[in-house]
Amino acid sequence: MKEVRTRFAPSPTGYLHVGGARTALFNYLYARAQKGKFILRIEDTDQVRSTEESYKQVIDSLKWLGYEWNEGPEVGGPHGPYKQSERLDLYKNYATQLISEKKAYPCFCTADELDRKKKQREAMGLPYVYDGKCRNLSEAEVAEKKAAGHEHTVRFRTPAKEVVVEDIVQGTVRFDTALIGDFIIVKSDGFASYNYAVVVDDHLMDITHVIRGVGHLSNTPRQIMIYQAFGWSEPKWAHVSEIVGSDHKKLSKRHGATPITAFRDLGYTARAFNNYMALLGWSSPDGREYMPIAEQKALFDIARCSKSPAMFDVFDLAKAAEVDLAQVPIAELETYLFTKSKLNWLSNQHIRATEDNEFIREILPFVRNTKVVPDAECNENNERLREILLSLRVYLDTLGQIKKYLADFYLPFEPRSADYVSSEYFQAENFSSLAKTFLRLIEQMADSSGGDTLVPDKIKEAINQVGKELGVKGKPLFMGLRLASTGRLEGLELPIYLALLGKQRVTERLSRMIALKETAVPQG
RNA sequence: GUCCCCUUCGUCUAGCGGUUAGGACUCGGGAUUUUCAUUCCCGCAACAGGGGUUCGAUUCCCCUAGGGGACGCCA
C-alpha cells in the first residue's frame, strides 16, 4: 500500500493558535499512526501579510508542540522547496500549460471594476460570480492588452457540472460549479492563489491525505476541478470540525484564539496540551482520555473524528469579558483561565506522571522566573529545592503555578490572620503550651543532629511526645501543632512539611505564633 | 441573499434501528487522609423542536429553529 503523506500548511500571517495547532496535530498523528510522513509547508503567497516574524513564531510553536516534520523548512526533503514563495516558477509553468490547453485564461478586469460589479450584485441580493468578461478574448486581444501594459490575472475556466467531494469525515458532499464561476489561479502580482498553489504543491509533494478544518470544504470543489484539469488523481479529503470559543462562536481573539506560546509560557506541558487538543473532535476507541502522545500516535484515526464543532473551553468568560485574550500579558491571562477545566485536570495528570528528573528540569525555568528562590539555589542538584518541588507537584495544574507555593518555603514568614484568628486551634487554651513544648523538642532535635536539618521520623516522634506530655491527642494535637509550627491551616503532610522548611524556619514560626497568641490573649 | 455543514448531560464525547442512552471534566454527597489537596465510592445532569419511514427511532428522511463556514487578486 502507498505510504501515507500528510501535511500542515500554515500561512505566516499571524501566530499559531489552537485552531491551527489542532489541525497540525491531527495531520501529525495520522501520519504517525499510519507509519507515514508528515510534511510542513509554508504558504506565504500573500506578499502583503506574510512576515518573517510570524514565520518564526509558527515554527517555534510547532517545535514546542513536538510535531517533528519529516520534510519541510529546516529539514529539507526530496519535494522541496517547502515555502511557496520559492516555488513560483512551478506555478507559472503549470499555469502556462493550463492556458495553452484553454483550461485557463488571462483576465484583464481590474480590481476596481470587479469590486463595483460585486457590490451591485450584493445590492440586488444576488450571489456574486465572475461574469466571464475575459473568458473568450481572442489571442490578438490578449496580445494587444499585454502590449499595452495592462496587468492581468489568470482565471480557471470552470466547467459547468456537479463536483462531488468524497470526504472521510463529512461524507459525500455535492457542489454546483455554476455557483463558483471562473476563479483566479494567478494573481496580478504573478503569485499563485491559494486554491491553485495547494493543488500543485499537494500533487508534487505526493500528499495522500488532506486533513484540514471544514472551512476549506467549500474550496475543495475548486481544487478538485484543478486536479481534473491536470489529469492528476486527488488525495483523500478529511475536513474536521472547526473549534469554537466558549461563546459558541468561531475562535476569536477575544474568546480563545490565544497564541500557543501563551500556554507554553503559562506552564502547560506540550504533552498535556496535545492530549487536550486531540480530544477536541476525536475520541479514542476505548474512551480513554488521559493518554500519552505515544498512544495517540498509535490509536489516532480520522475516521473517528466528529463533524460537530468542539468548544475550546478553558477561559472564564465572565471574568474575561471585554478583554482581548490574545494580547494580555501571561500573568494576567492566568487569571482568566477556568481553573477547573479539563485542560487543567489533564495537565495535572501529566505533571504527576512525569519522571522525577524530567519534571525538575521542566519546572526549573518557572522556578527561576518566580525570583523567590535565589539564583544560586536554582539547579537540578539542589536537594532541598528538589524535595520541595517533588512534594508540591500533585498540587500543580501548570508548572507556572509553582510560584503560589514557593514563597512559603523561601520568603520570610508572614502570618496571615485569616489562618489563625478565628481558628479553634489558635483559640484553644493550650495553644501556647503546645507550641512551647514542640519548640523545645525541635530545638533539642537540632542540637543532636546539628545544622538546619529536620528528619520527618523524628518530627513524628516529637508530635507524639507533645501529646503525651500535655495529654492531648487527635485533631487538636495535630492541627494545633500544624498551626503553631507553620502558621498555616493547610499544606503538606506535617512531618514532611516541617522537614522541608528546616529547623530555623520552624523554630522561628513557632516563636512568632507563640508571640501572636500572647498578644491576642493577655496574661491572666 | 445563495450554497454547504453541524445540533446527545454545563463542557469533551460514546452510540452507527431494539441500551436502565455509557464514559471523562465540572458540580453535590460520603469514606479514607488526625489539614488542604490527593485517592476511593455514590449521586445530579442530555438525544434542539415538529412531522414522517418502521413492529420499533438518539440512530434513516423532510421541515423549522439555532450555530458555523463559503461565496476574495486571504489562506
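Because the structure is predicted, anything quoted here is derived from the model rather than measured. Order of the sequence lines sets the chain letters (A, B, ...), proteins ahead of strands, with each chain counted from 1.
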Q. Would a line drawn from the ring center of His350(A) to the ring center of Tyr276(A) be shorter than 6.0 Å?
A. no
Q. Has the side chain of Lys307(A) got a donor or acceptor that lies under 3.5 Å from a partner of the other kind on the base of C6(B)?
A. no
Q: May I ask you to check whether Ser85(A) and Asp44(A) show a side-chain donor-acceptor distance below 3.5 Å?
A: yes
Q: Look at Ser341(A) and C25(B) and indicate whether a side-chain polar atom (N or O) is within less than 4.0 Å of OP1 or OP2.
A: no
Q. Mind checking the C1' distance from U2(B) to G43(B)? Whole angstroms is fine.
A. 50 Å
Q | Annotated protein contacts, base or backbone, on nucleotides 38-46 of chain B with a non-hydrogen cut-off under 4.0 Å, one of B, S, - each | A | S--------
Q. Side chains of Tyr67(A) and Asn274(A): is there a donor and an acceptor less than 3.5 Å apart?
A. yes
Q. What pairs with Phe366(A) under ring-ring contact (aromatic ring centres under 6.0 Å, His included), at least two apart in sequence or on another chain?
A. none
Q) The side chain of Tyr395(A) lies closest to which of these nucleotides: U35(B), C5(B), A37(B)? A) A37(B)
Q. Ignoring hydrogens and angles, are the base of G23(B) and the side chain of Glu289(A) linked by a donor-acceptor pair under 3.5 Å?
A. yes
Q: If a protein heavy atom is under 4.0 Å from the base, mark B; if only from the sugar-phosphate, S; if neither, -; do that for nucleotides 65-75 of chain B going 5' to 3'.
A: --SSSSSSBBB
(Q) Please give the distance between the P atoms of C6(B) and A14(B) as a whole number of Å. (A) 14 Å
Q: Tell me, please, whether Tyr130(A) has Arg155(A) positioned over its six-membered ring: NZ or CZ under 6.0 Å from the ring centre and within 45 degrees of its axis?
A: yes
Q. With sugar-phosphate meaning primed atoms plus P, OP1 and OP2, does Gly181(A) contact a base, only sugar-phosphate, or nothing at under 4.0 Å between heavy atoms?
A. nothing
